[in-house]
Amino acid sequence: MSCSGGFLLQLTQRCKKHPKQMMQIHSLIVTNGHLLHYPNAPLSDQWMPTLLYNALISAYHTHKHKVLLFTYMLANQAPPNSHTFSPLLKSSPLPLGTTFHSQTLKRGLLSDPFILTSLLALYARNQLLPHAHRVFEEFPMVCIVACNAMLNAFSINGHMEAAVAFFERMPQKDVYSWTTVVNGFALNGNFGASIRFFGKMMSHGDVVRGLVKPNEATCASVLSSCANLDGRVALDCGKQVHGYVLMNEAKLGVNVGTSLINLYGKMGRLSNAEKVFRQMVVRKVCTWNAMISSLACHGREKEALDMFEKMKLHGLKPSSITLVAVLTACARGNFVREGLELFRSMWQDFGIEPIMKHYGCVVDLLGRAGHVEEAAEIIRNMPFKPDASVLGAFLGACRIHGAIELGEEIGKKMLKLQRQHCGQYVLLSSMNAEKERWDHAADLRREIMEAGIHEIPAYSMVDLT
DNA sequence: TTAGGGTTAG
């Protein structure tokens with residue numbers, strides 16, 4: 001099929017989200033010879049190969065494809081311009097990113113604000129805050145996007161005080177600026193501050209006057225902060241955000257919907273979570289993960305497994321997190337055979353390599369069901385060293401099923417891993433006390449005192465709402 | 001020269 005370069009360029013832009021069509025367009029571009037450099041082509045067409053390469057680099061999703069296209073671009077003498085490097089830098093790991101940095105310098109493109117912003121983000125996400133700041137100072141004219149990228153650089157590197165100070169000094173703030181700080185507090189584990197900052201945003205003049213409006217990213221971030229806190233206030237705040245979304249958005253976005261399911265699920269409001277799930281028009285794997293996990297954690301293990309089957313029927317590929325949720329359901333619902341089968345076939349069936357969390361689930365699964373020796377066998381044969389969560393699950397099982405020797409063997413390993421954590425000492429000590437091994441119990445209690453560890457008093461909370 | 005940068009779930 002014969003197509004003009006301009007037409008194919010437009011087509012590339014439009015089909016960015018459709019990988020299959022993208023490959024077909026790519027073939028058309030190649031077979032029409034538009035990627036070849038013709039020195040005698042009319043002046044208006046001289047840039048066409050560069051434009052097409054740029055469009056393809058930006059449209060392909062994998063970093064490998066992007067870099068490969070860039071090498072072809074150089075080989076075919078299509079000169080990269082200021083549009084070429086942003087999408088490359090966006091997906092680059094640090095070493096390659098620094099190579100592109102020198103390329104832009106060599107080609108005289110380093111004053112381009114788009115390239116500078118991508119470089120700033122590159123250094124920021126690789127924990128090189130001073131480099132990021134240096135790039136920020138290179139901007140010929142500071143714009144709001146550059147400021148937001150710098151704001152995010154402070155946030156993702158754990159400098160929230162600097163971020164807020166920077167935010168206050170910004171002459172102008174848009175929804176990205178506000179969202180970056182709301183999200184920054186959450187990233188740094190300060191969920192209360194994240195929610196308070198969102199509150200500050202909502203009462204700010206710009207929002208009241210409608211000049212700035214929270215978007216899906218803002219709502220998803222603050223909802224995630226709510227889900228990370230316990231209690232009525234966090235739930236109420238989440239409900240208010242939910243109300244705001246219902247009043248202001250035509251439909252529930254994937255990320256906001258997933259955050260809501262996660263929030264309601266964590267708070268035990270399963271009917272609300274299910275309602276949100278049903279209302280969502282587009283559901284991604286993470287949406288199903290949130291729903292499966294909510295059911296698994298609130299005594300509806302069978303339904304969690306049914307949901308997993310439904311998800312597969314919808315043609316979605318389970319992720320590593322899906323498997324954690326499903327294995328949790330198996331452990332809590334005492335579905336030992338199903339859980340073990342899933343664990344053993346997850347690589348073969350879904351290409352998912354078991355990580356620490358999966359081992360934790362399967363040890364919990366076996367341990368709860370009283371198969372303590374099999375659980376110990378799993379731990380012994382793990383391809384990496386078990387962490388405190390895996391050992392903790394095992395120790396809990398040993399205590400319930402009175403497997404004191406096995407418990408001691410693993411428990412000692414654990415003390416080395418988490419010396420500062422009192423829970424494990426107490427658990428080991430109680431195991432010995434329960435078996436009336438008072439000398440062992442007393443020894444451990446002494447160790448607790450000597451290590452200067454304070455037992456954190458346990459508390460229970462009843463939510464009467 | 002028709003395009004490119006900053007915030008989102010577990």
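Order of the sequence lines sets the chain letters (A, B, ...), proteins ahead of strands, with each chain counted from 1.
Within the nucleic acid shown, A/S82 comes within 4.0 Å of at least one base atom, counting heavy atoms only. Within 4.0 Å (heavy atoms only), A/F139 reaches at least one base atom of the nucleic acid. Within 4.0 Å (heavy atoms only), A/C147 reaches no atom of the nucleic acid at all. Among the protein residues, A/N54 comes within range of the nucleic acid bases, having at least one heavy atom under 4.0 Å from a base atom. Here A/P87 lies out of heavy-atom contact (under 4.0 Å) with every strand. Among the protein residues, A/S293 comes within range of no part of the nucleic acid, since none of its heavy atoms lies under 4.0 Å from any strand. A/M150 comes within 4.0 angstrom of nothing in the nucleic acid, heavy atoms only. Residue contacts for A/K284: at a heavy-atom cut-off of 4.0 Å it reaches no nucleic acid atom on any strand shown.
Side-chain proximity of A/N215 to the nucleotides B/dT7, B/dG4, B/dT8 is greatest for B/dT7. Distance from the side chain of A/F114 is smallest to B/dG4 among B/dG4, B/dT2, B/dT8. Of the candidate nucleotides B/dT8, B/dG5, B/dG10, B/dG10 has the atom lying nearest to any side-chain atom of A/I321. Between B/dG10, B/dG5, B/dT8, one nucleotide has an atom nearer to the side chain of A/S224 than all others, and that is B/dG10. Side-chain atoms of A/C286 lie closest to B/dA9 of the nucleotides B/dA9, B/dG5, B/dG10. Listed nucleotides: B/dA9, B/dG5, B/dT2. Nearest to the side chain of A/T258: B/dA9. Taking only side-chain atoms of A/T179, from C-beta outward, the nucleotide of B/dT7, B/dG5, B/dT8 with the closest atom is B/dT7. Of the listed nucleotides (B/dT2, B/dG5, B/dA9), B/dA9 has the atom at the smallest distance from the side chain of A/S259. For A/E216, counting side-chain heavy atoms from C-beta on, the closest listed nucleotide (B/dG10, B/dG5, B/dT8) is B/dT8. When each of B/dG5, B/dT7, B/dT2 is scored by its nearest atom to the side-chain atoms of A/N152, the top-ranked nucleotide is B/dT7.
Phosphate proximity of B/dA9 to A/N262: absent, as no side-chain N or O sits under 4.0 Å from OP1 or OP2. Between A/N183 and B/dT7 there is no side-chain polar atom (N or O) within less than 4.0 angstrom of OP1 or OP2.
Protein atom CD1 of A/I57 is 13 Å distant from nucleotide atom P of B/dG5, rounded to whole Å. Distance, A/Y176 OH to B/dT7 C1': 7 Å, rounded to whole Å. When rounded to the nearest whole Å, the span between CG of A/L151 and P of B/dT8 equals 12 Å. Straight-line distance from the OH atom of A/Y60 to the P atom of B/dG4: 17 Å, rounded to whole Å. Taking atom CG of residue A/N81 and atom C1' of nucleotide B/dG4, one finds them 9 Å apart after rounding to whole Å. One can place NE2 of A/H83 at 6 Å from C1' of B/dG4, the figure rounded to the nearest angstrom. Between the CD1 atom of A/I261 and the P atom of B/dA9 there is a distance of 14 Å, rounded to whole Å. Atom pair A/N228:CG and B/dA9:C1' shows a separation of 11 Å (rounding to whole Å applied).
Considering A/K90, A/H101, A/Q103 in turn, A/Q103 is the only one that fulfils the side chain to side chain contact (heavy atoms under 4.5 Å, CB included) rule with A/F85.
For the residue pair A/D174 and A/S177, a side-chain donor N or O sits within less than 3.5 Å of a side-chain acceptor on the partner. A/N76 and A/Y53 share a side-chain donor-acceptor pair at under 3.5 Å. Residues A/S155 and A/N152 have side chains that never bring a donor and an acceptor to within less than 3.5 angstrom of each other. Counting only N and O atoms by type, the side chains of A/T322 and A/S319 include a donor and acceptor under 3.5 Å apart.
In the interface, the side chain of A/D112 is not paired with the base of B/dG5 through any donor and acceptor atom under 3.5 Å apart.
With respect to A/K251 and A/E216, no salt bridge is recorded, no charged nitrogen being found less than 4.0 Å from a carboxylate O.
Within a 6.0 Å radius of OH in A/Y72, other residues, nucleotides and ligands contribute 12 heavy atoms or fewer.
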